[in-house]
Amino acid sequence: MTLQGWVSFKKHAAGFVCLASRRLVVPNNYKHVCLFSQSAANMAEEAKKLAAYAAVDNHIQARQLILQHGLTLSDLDRHPELDVAIDGADEVDKDLTLIKGGGGCLTQEKIVAGCAKHFVVIADYRKDSKALGQQWKKGVPIEVVPMAHVPVSRTIAKRFGGEANLRMAVSKAGPVVTDNSNFILDWKFEHAQNWKEVNTAIKMVPGVVETGLFVGMAERAYFGMEDGSVQVRDPPVN
């Protein structure tokens, strides 16, 4: 499958964005069985790799050309329409509603996903849940303009319950600053919500740049399981 624009592919959970006008290929041995170690972290990492390989195999079929040709990097200015974006998630519910932004790049990730004709999610078994909040306990990330973080936090808590806390940096003093020079609030909600309505309402609050709620965007999710298998989930048919 020849890509006309970006290909977003998160490799080994560390993540990178590849903007390709040529074909993206994974190693020929990607289908070989991965041997899991006894470490839970390593097991989850291997599971995530399996999900990534399966997603690429099903959505980008062209291993050999990367050996013959280099990948041409681009950007949304030159290629604003993407064929497929593949990315991870912090949590995926039964409807393929996602929480993303644990790493702080939610706005740019949502822009990439929104520009793609097909958006596919890869995750390990720890990210799979029936309802948001069952697995991911850190809340919904919300990117905000720095001067607005206090009023936005209060508005969200008043209207939707729970609490929205400013995310503080670990390795340096002060709050986390995004690539867009904004702050992040982590909204720890108290109960299940109508996520489509809540997402729209939060984005209308003055000072909010974007939310980590990806509603109705993913068309398929691949989960790497503990036993080495990969489970595939499509959105429910309404």
Side-chain angles (χ1 to χ4, degrees), residues 7-18 24 26-27 29-61 84-106 109-110 112-113 116 118-141 167 170 186-193 195-196 199 211-237:
V7 176
S8 174
F9 174 56
K10 190 156 281 189
K11 181 182 180 183
H12 303 344
F16 66 84
V17 175
C18 178
L24 177 65
V26 295
N29 65 347
Y30 78 100
K31 284 187 176 179
H32 290 181
V33 176
C34 293
L35 298 178
F36 288 169
S37 71
Q38 295 181 354
S39 166
N42 288 340
M43 184 180 296
E45 184 71 12
E46 294 299 328
K48 201 172 299 182
K49 291 179 186 178
L50 291 174
Y53 295 152
V56 172
D57 185 41
N58 287 338
H59 296 272
I60 307 170
Q61 301 285 344
V84 59
I86 302 177
D87 206 349
D90 297 310
E91 189 172 30
V92 185
D93 76 2
K94 60 181 179 59
D95 298 321
L96 293 193
T97 298
L98 318 176
I99 291 179
K100 288 175 56 60
C105 297
L106 57 125
E109 290 174 347
K110 188 174 280 190
V112 172
H118 306 283
F119 176 44
V120 180
V121 177
I122 56 174
D124 63 70
Y125 53 91
R126 301 173 303 172
K127 310 299 178 60
D128 184 15
S129 67
K130 293 183 178 180
L132 295 185
Q134 290 183 344
Q135 301 287 357
W136 181 253
K137 305 297 184 181
K138 298 181 180 180
V140 175
R167 185 183 298 182
V170 175
D186 289 306
W187 173 42
K188 296 184 178 180
F189 52 91
E190 296 176 333
H191 52 78
Q193 308 269 352
W195 295 117
K196 183 177 181 179
N199 180 58
T211 82
L213 290 167
F214 284 52
V215 184
M217 299 186 72
E219 67 176 47
R220 177 166 289 182
Y222 291 83
F223 296 97
M225 307 308 292
E226 292 177 275
D227 61 2
S229 64
V230 175
Q231 292 188 2
V232 180
R233 177 180 303 158
D234 293 321
V237 178

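Proximity of a side-chain donor or acceptor of Glu91 to a complementary backbone N or O of Lys127 within less than 3.5 Å is not detected. Formation of a donor-acceptor pair under 3.5 Å by the Asp87 side chain with backbone atoms of Val121 is not found in this model. Remark: the backbone N or O of Thr97 is not paired with any side-chain donor or acceptor of Asp95 at under 3.5 angstrom. No donor-acceptor pair closer than 3.5 Å links the side chain of Asp124 to the backbone N or O of Met225. Put simply, the side chain of Lys94 never gets that close to the backbone of Pro235: no donor and acceptor are under 3.5 Å apart.
Using a 4.5 Å cut-off on side-chain heavy atoms (C-beta onward), Leu213 and Leu132 make contact. Between Tyr222 and Val120 there is a side-chain heavy-atom pair separated by less than 4.5 Å.
Phe189 has its ring centre less than 6.0 Å from the ring centre of Trp195.
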Go through it in stages, so that I can follow the logic: the residues are Val84 and Phe119, the test is side-chain contact (heavy atoms from CB on, under 4.5 Å), and I'd like the CA-CA distance, side-chain angles, deciding distance and then a yes or no.
CA-CA 6 Å; Val84 59; Phe119 176 44; over 6 Å; no
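The two residues Ala221 and Leu96 make their nearest non-hydrogen contact at CB-CD2, 3.7 Å. In this structure, Gly139 and Ile99 approach most closely via the heavy-atom pair O-CG2, 4.0 Å. For the residue pair Ser129 and Ala131, the shortest heavy atom distance occurs at OG-O, 3.1 Å. Shortest non-hydrogen contact noted between Asp90 and Gly101 is OD2-N, 3.2 Å. When every heavy atom of Leu106 is checked against every heavy atom of Pro141, the shortest pair comes out as CD2-CB, 3.7 Å.
In this structure, Lys100 pairs ionically with Glu109, as a charged nitrogen and a carboxylate oxygen lie closer than 4.0 Å. Comment: Arg220 engages Asp234 in a salt bridge, judged by a side-chain N to carboxylate O separation of less than 4.0 angstrom. Residues Asp186 and Arg167 are paired through a salt bridge, judged by an N-O separation under 4.0 Å between the basic side chain and the carboxylate. The pair Asp128-Arg233 counts as a salt bridge, with a side-chain nitrogen and a carboxylate oxygen less than 4.0 angstrom apart.
Of the inter-residue distances, the one linking Lys188 atom NZ with Trp136 atom CH2 reads 10.5 Å to the nearest 0.5 angstrom.
Within a 6.0 Å sphere centred on NZ of Lys137, other residues, nucleotides and ligands contribute more than 12 heavy atoms.
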